[in-house]
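All ligand and atom numbering here is 1-based and tracks the order in the structure. None of the values given here were measured: they were computed from a predicted structure.
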Amino acid sequence: MPFDLVTIPCLSDNYAFLLRDQQSGAVALIDVPEAAPISAKLKELGWTLSEIWLTHHHPDHIQGVPDLTAEHPARILGAKADAHRLPALDHALTDGETFQFAGHDVQVMDVSGHTVGHIALYVADAKCVFTADSLMALGCGRLFEGTPAQMWASMQKLMKLPQDTTVCSGHEYTQSNAKFALTVDPENPALISRSREIDQARKDGVPTVPSTLSTELQTNPFLRPADPGIRAQLGMENATDTDVFAEIRARKDRF
Ligand SMILES: [Zn+2]
């Protein structure tokens, strides 16, 4: 793979990511929960930051920008739809746009739901997508601004990516997500075994992020509203996928 991907734990349960093009040495940072651990990692690796890609406006994804860029100047990219509540952007991104990172295509996907204007960034050559608080490991972001129908549409966009895509999401919520997932999909063998792996990883202090899209498709209830077992569990055999998704999201909110 012509890329390095580094996961950086930040704050209590956030993740930032560094994506480095090995040939050019260009480095993109995805989200800036806080400056210190990111700055330390850049120094440790001897990498020079080129770009910052922001997924959405929540403070735990952008608040480290001023401190970090004071030490590591970089171009800042984020959604045009969110520009009024993001740090000043050097490049405002629109849904469906493709921009270049060290000669590689980066596809901008609007994945509104958690917030309106939340974007995911898909780098086909690196086989990875940065989803922050849209699609998460065994979960999806809480709907602060969007509707269930919006988030389900966003999930469907992400589900169409190649199954071996690495899903880089924004938080270490996977263990509690697994406990919830088992309440709506208790008979799913892939989920049961993933849940055990997650418990072990957390016991060992190992991050459960990133994951892969194929794993999420098999185990994440927010990608599985069409699944007969989940529908039976919810008593929603004849509902639409959107309605089943909305019910799963509502139950998670109460969990
Ligand atoms: Zn958020």
Side-chain angles (χ1 to χ4, degrees), residues 7-19 28-38 52-68 76-89 92-95 108-122 128-158 166-178 180-181 207-211 216 220-223 245-246 248-255:
T7 306
I8 307 176
C10 294
L11 304 173
S12 59
D13 57 28
N14 278 77
Y15 290 119
F17 299 92
L18 293 172
L19 182 69
L29 164 68
I30 296 81
D31 284 344
V32 198
E34 59 176 333
I38 296 166
I52 296 172
W53 305 345
L54 300 173
T55 60
H56 68 298
H57 74 283
H58 282 159
D60 63 320
H61 294 258
I62 65 171
Q63 66 198 2
V65 167
D67 285 350
L68 186 74
I76 303 177
L77 294 80
K80 190 174 186 179
D82 243 358
H84 60 289
R85 50 189 185 176
L86 291 174
L89 300 176
L93 304 167
T94 52
D95 180 36
V108 180
M109 305 169 72
D110 178 274
V111 288
S112 289
H114 176 67
T115 64
V116 173
H118 192 308
I119 53 171
L121 296 148
Y122 172 57
C128 69
V129 64
F130 299 95
T131 58
D133 300 354
S134 58
L135 173 60
M136 308 179 84
L138 270 184
C140 78
R142 196 174 278 261
L143 303 180
F144 287 113
E145 297 179 2
T147 63
Q150 257 176 325
M151 187 60 117
W152 173 233
S154 297
M155 294 297 112
Q156 288 176 282
K157 286 188 200 178
L158 293 165
T166 300
V167 178
C168 301
S169 53
H171 290 272
E172 184 58 63
Y173 292 163
T174 321
Q175 197 168 28
S176 64
N177 286 347
F180 169 74
T208 62
V209 172
S211 57
E216 297 304 329
N220 186 329
F222 295 98
L223 301 185
F245 176 89
I248 297 170
R249 189 56 258 178
R251 287 182 182 224
K252 177 68 166 64
D253 290 344
R254 299 192 298 265
F255 183 70

Q. For the residue pair Ala16 and Cys10, what are the closest heavy atoms and their distance?
A. CB-SG, 4.2 Å
Q.
With 2.8 Å as the threshold, which protein atoms of type N, O or S lie near the Zn ion (ligand 1)? Leave waters out.
A. His56 NE2, His58 ND1, His114 NE2, Asp133 OD2
Q: Please say whether more than 12 non-hydrogen atoms of neighbouring residues, nucleotides or ligands are located less than 6.0 Å from NZ in Lys80.
A: no
Q | Verdict with supporting geometry, His171 and His61, ring-ring contact (aromatic ring centres under 6.0 Å, His included) | A | CA-CA 10 Å; His171 290 272; His61 294 258; 5.4 Å; yes
Q: Please report the C-alpha distance between Thr208 and Gln175 in whole Å, then the side-chain angles of each, then the deciding distance to 0.1 Å, and finally whether the side chain to side chain donor-acceptor pair (under 3.5 Å) criterion is met.
A: CA-CA 9 Å; Thr208 62; Gln175 197 168 28; over 6 Å; no
Q: Please report the shortest heavy-atom distance between Leu158 and Ala120, naming the atom on each side.
A: CD2-CB, 4.1 Å
Q: Classify the angle between the aromatic ring planes of His114 and His56 as parallel (below 30°), tilted (30 to 60°) or perpendicular (above 60°).
A: perpendicular
